[in-house]
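First comes the structure, then the notes that go with it.
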Amino acid sequence: MNEKKEIKRFFIFDFRILLAIIFLMIAGGVAVYSSTYSAEASRMSWLFLKYLFFSVTGLVIMCITMFINYTKLAEHRMSLYIPMIALLILVLIPNVGTTINGSSSWLFGMQPSEFGKLVMIIFLAGYLDQIGDKIKEEKYFALAGLFIVIPIALVLMQPDLGTVLVYCFIVFVMLFVGGVPIRYILALMSIGIIGLSIPMFLEYKRMSDDINNVLFNFLSQRIYIGYLAGVLLFIAVLLLTINFYMSNKYIESVSFMFFVLFLSMCAALVFDIGLKTYQKERLLVFMNPQLTRLSSGYNIIQSLIAVGSGGLFGEGFLNGSQSQLNFIPQQVNDFIFSNICEEWGFVGSALVVLAYGVIFVRGITVAYLAKDRLGALIVVGVIAMFLCHVIINIGMVVGMMPITGLTLPFVSSGGSSILTFSMSIGLIFNVEARRYVH
Amino acid sequence: MDLFEIELNKDKKFVGEDFRYRRKLLVILFVSIFVVSVLIIRLFYLQIIKNRYYSGLSRNNKEQIIPIEAHRGEIYDRNGVMVAENIKVYVMYMIPTYLPKNYFEREELLYRVAKVFNIDLQIIKSALDKVPKNSYESIEITDNITMEQISYLAERAEEFPGVYYGSKSVRNYPLGETMTHILGYIGNISQEEFESKRIEGYRRNSMIGKEGVEQFYDKELRGIDGYVQWIVDSRNRVKETISPAVGRPIPGKKLILSIDSKIQKDAEDLLYGQVGTIIVSRPTTGEIIAMVSAPWYDPNIFIGKIDREKYAELINNPANPFWNKAIRGRYPPGSTFKLISAAGSLAEGRLTANTTRFCGGGMLLENRFYRCTGQHGYVNMYRGIQYSCNTYFYTLAYELGPNFIKKYAEMFGFGTPTGIDLPGEKIGVVPSADWKRRRIGEYWWDGDTLQYVIGQGYMSATPIAVHMATSAIINDGVMYRPHVVKEIRSSQTDEVIYNNDKVVIKKLDIPQNVFTVVKEGMRMAVAGGTARNGAWSPYVKLAAKTSTAQNAQGRDHTWITIFGPYNQRPTDDMVAVTVMLEHSGGGGGSTAGPIATAMLRSILSGENALEVRNSIYYRMQSIYEQLRIAREQAAAEAAENGENNDNNADEDNSKKKRNTDDRIKYE
């Protein structure tokens with residue numbers, strides 16, 4: 001293998017993904033320009049210039065990322081992981097991290113949790129690739145869990161619920177592809193779901209003033225949840241002891257189930273104490289947008305109006321009344337897609353969604369054709385990240401998902417977000433370019 | 001080029017191909033394809049299928065129609081004196097979002113505003129609490145702010161962030177308490193009014209006339225509201241105006257009242273301190289020149305913030321100042337009703353003006369004695385009206401029966417609204433055998449007929465109805481619609497749109513000579529009958545009918561209905577006055593009479609009304625004094641004369657005594 005041939009290979013990357021990204025960047029530029037446009041100020045807005053700067057920087061960083069061998073990256077994953085944890089801790093220190101909208105996730109204008117996703121992908125891919133089939137053993141799984149839980153907990157403390165969701169989604173997909181037994185994944189999911197749904201239920205009952213309820217009265221006492229957790233743990237231990245003598249497969253799985261329930265109750269307690277009321281409300285509004293017409297529900301309704309009034313071809317560039325008259329909140333970041341929907345109609349918005357579809361399909365193809373498991377896991381992690389962002393952001397705009405402050409890849413004007421996604425696309429190209437190299 | 005060195009997986013445990021994960025990649029592929037298609041289907045649903053719905057919502061969001069209140073028409077009296085106007089007042093308002101965000105600064109500012117501008121802090125806070133703290137709406141704090149305070153605020157604008165001043169137009173009644181019941185007042189539309197009138201273009205925050213002319217002519221006065229259509233942004237800031245010229249407001253029409261504010265003021269001065277009503281009108285056109293219902297109130301208390309203390313004082317007054325007694329009070333008309341009985345019985349043709357009956361002080365019927373005001377001897381129709389002889393009318397009624405009374409009472413407008421252009425007119429009761437059976441559940445007695453014919457018993461009428469009946473007699477049977485608004489004029493061109501004068505309601509089918517008889521009787525009452533002292537008028541010939549109506553609630557109501565200058569045929573300079581005093585006691589001639597006469601004399605010969613009334617009182621007092629002295633002298637003489645002239649003296653004495661007593665009581 002000579003070097004020239006190697007360098008040539010780097011340019012055999014998937015041009016379809018690149019086209020999709022450039023299309024998304026153009027769409028994002030147009031949308032950011034439109035949503036920051038105002039007839040009074042003739043100059044281009046600072047946000048739009050920032051967006052242009054970060055897009056170009058992102059393309060450059062993408063090229064740079066292409067040339068760093070992903071195997072090397074995975075090898076040195078610990079030297080990526082530890083600074084990430086350090087940064088995530090640094091953000092939480094009051095006067096160091098900047099607090100915007102109630103979550104202190106900014107450090108010098110950047111969000112470490114965004115880059116943390118990438119580090120998480122590389123770290124988990126490297127770890128899963130290294131231990132291979134041993135992940136099926138509890139010890140290694142627990143170790144993986146520990147490494148995963150630390151950054152998630154740190155992000156949750158910011159608190160940034162959307163990013164936590166992304167982390168969880170990435171982790172689940174990678175564990176799934178990485179060969180973790182389905183029951184562990186199901187257990188983790190049920191811990192998350194049960195743990196979240198109990199505080200949600202309580203908050204919903206509180207908001208709708210329906211508190212003369214047996215279930216509510218029981219669950220609203222935190223000590224009772226603790227008792228319940230204790231009972232479940234007791235049953236689990238009892239069954240395990242029985243299993244020690246009888247060694248029955250079913251008893252073992254039932255014991256595992258009770259243990260999972262115990263963990264769910266603990267998670268419920270943690271969420272109930274840890275989540276703030278507005279975060280619970282945000283999740284609840286997803287279930288019923290009319291619940292709080294003027295706070296969180298207002299956003300969903302205004303966004304739906306913007307999307308729905310677009311029609312087939314949209315109202316035209318700079319003509320969308322919902323976005324030009326500022327009915328849509330946060331339209332440069334979280335609700336940028338509603339601007340596209342309103343001004344470019346079904347054609348424009350469907351093209352954007354299709355561009356993401358191209359990235360998904362081509363990305364999974366790259367993972368399929370990757371030369372090794374490490375590359376495949378990295379690409380799958382990246383795709384999972386994209387998928388999660390797209391589902392939550394667009395789902396939020398079209399009223400199918402709760403409101404979480406997640407950006408739309410390459411379209412929203414967040415600097416850290418664009419850089420992170422550029423790097424991740426760089427990783428996909430990285431894996432793809434090296435697929436014939438052995 | 002170590003960076004580009006491709007290393008083999010040295011640390012890889014599973015050398016060789018372990019591609020089991022590829023199967024799981026397919027799951028991810030399907031999931032992402034599923035997600036993309038779900039999103040596209042959702043977009044299709046929202047943007048294509050539900051497009052119309054959301055476009056409508058979007059339009060609702062950005063377009064806002066702001067009404068522009070039309071200029072409410074002014075009201076003038078017949079001499080061109082403005083009695084209801086719109087004045088500009090200065091208001092202070094706050095825009096919550098521009099107030100300091102900091103809690104302490106905000107509280108400090110509000111406290112300072114309260115102190116400097118002398119406003120209750122609680123009022124400011126409760127006004128601000130109605131809207132969110134970041135609202136762009138302007139919240140009115142007070143409209144009671146002086147020019148000095150405005151200039152103080154203007155000089156120190158930076159010390160009061162979020163506090164602004166402006167002006168707005170409010171209704172003002174410059175004459176204050178004069179003609180309150182006629183003008184009424186305006187106020188915010190109530191829920192019921194809004195529901196029934198929204199079709200006429202009223203809005204939820206419209207002002208609407210609540211009483212009097214303001215209510216009755218609300219449609220003319222309010223004009224047509226204009227509107228601007230704005231495009232607003234999410235914070236209700238106006239971005240552009242779509243159609244500034246579409247709905248320019250059309251100002252309301254202006255009203256010229258037939259009321260003369262000077263006469264009205266005189267009438268109020270005359271009635272001050274009493275409970276009752278006075279109606280002054282020109283019978284030949286139907287214009288009402290003055291109409292007072294005492295006690296009254298100041299309509300300005302309803303403009304802006306209502307003064308609770310004053311309002312409570314008014315509402316707790318047993319005489320009910322809010323009630324326009326002239327059109328809403330129902331009283332037994334008493335002897336004034338005899339005019340109708342007389343006209344009716346003559347019109348029936350069963351008897352003539354010279355039909356004579358004997359009055360011996362009353363009439364005995366069914367074991368009960370129906371008293372007369374005195375012993376009038378042989379009485380014909382003229383003298384019956386002159387002395388208000390009950391016995392004469394008892395006999396007529398007994399002969400003619402109750403149905404003819406009902407027929408003519410209804411003909412003269414009792415029991416139906418007179419059609420005056422004021423809201424809330426009530427109608428009196430015109431009883432009949434049928435009515436009594438239904439309402440009371442008893443049969444009609446002959447005694448009821450006797451009460452009926454002199455306007456007592458179940459009979460009741462509003463003062464305006466009595467007044468219009470008198471006017472009909474003055475007009476020889478032509479009834480004009482009574483009105484307080486003479487003309488409706490366009491406020492831009494000042495041309496007369498509508499004139500209320502001489503609107504004939506009906507012409508009574510009664511021969512002219514009947515009215516001549518009745519009017520002569522009324523003239524004789526002033527010249528030498530029941531009203532000879534109370535309606536003393538040396539220069540102008542007047543004609544009147546007094547009444548003292550007994551009632552179960554308290555002392556007698558006293559009435560007089562009087563007109564002048566006297567003429568057997570209607571002339572254009574005639575003025576008719578009806579005065580009713582509630583529970584005043586005394587006689588119609590001596591209590592209501594001087595008031596009505598003073599009113600008439602001040603209109604007809606330009607005298608000072610109060611002076612005239614006082615002079616009549618003084619004259620009456622001196623007459624009574626003389627009579628008392630004469631009586632005492634006569635009594636002393638009789639005592640001196642001894643037994644000889646016993647019979648004569650007794651007769652004389654008793655006659656004089658009776659006369660004076662009756663005069664005081666029944667005139």
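Order of the sequence lines sets the chain letters (A, B, ...), proteins ahead of strands, with each chain counted from 1. In what follows, every heavy atom counts, from backbone to side chain, and hydrogens, waters and symmetry copies are set aside.
Inter-residue side-chain proximity for B:V27 and A:F176 is flagged as met; some heavy-atom pair is nearer than 4.5 Å.
No other option in A:G363, A:A74, A:G345, A:A384 has as many heavy-atom pairs under 4.5 Å with chain B as A:G345. Your options are B:L26, B:V31, B:I48, and the one with the most heavy-atom pairs under 4.5 Å with chain A is B:I48. For chain B, the option among A:A376, A:G311, A:G395, A:G357 with the highest count of heavy-atom pairs below 4.5 Å is A:G311. Most heavy-atom pairs under 4.5 Å with chain A: of the set B:L39, B:V38, B:I33, this distinction falls to B:L39. Across A:I394, A:V379, A:I383, the residue that shares the most heavy-atom pairs under 4.5 angstrom with chain B is A:I394. Ranked by non-hydrogen atom pairs under 4.5 Å with chain B, the options A:G314, A:G308, A:C341, A:G178 are led by A:G308. Taking A:V177, A:T365, A:L354 one by one and counting their heavy-atom pairs under 4.5 Å with chain B, the maximum is reached by A:V177.
Checking side-chain atoms of B:Q47 against main-chain N and O of A:G310 turns up no donor-acceptor pair under 3.5 Å.
From B:L29, atom CG reaches atom OH of A:Y368 across 10.5 Å, with rounding to the nearest 0.5 Å. For the atom pair CG of B:L46 and CD1 of A:I305, the computed distance is 11.5 Å after rounding to the nearest 0.5 Å.
Looking at A:V380, only its side chain comes within 4.5 Å of chain B, counting heavy atoms on both sides. Within the 4.5 angstrom heavy-atom criterion, only side-chain atoms of A:F337, from C-beta onward, approach chain B. There is no contact between A:L377 and chain B, counting heavy-atom distances below 4.5 Å. Interface remark: B:I49 contributes no atoms to any contact with chain A (heavy atom separation under 4.5 Å). Proximity to chain A involves both the backbone and the side chain of B:L43, based on heavy atoms less than 4.5 angstrom apart.
Heavy atoms of other residues, nucleotides or ligands lying less than 6.0 angstrom from CE of A:M189 number 12 at most. Around atom OH of B:Y93, more than 12 heavy atoms belonging to other residues, nucleotides or ligands sit under 6.0 Å away.
In plain terms, the two heavy atoms of A:L304 and B:R42 that are nearest each other are CD2-NH2, 4.0 Å.
Partner of B:S32 under the side-chain contact (heavy atoms from CB on, under 4.5 Å) criterion, out of A:I364, A:I391, A:V390: A:I364 alone.
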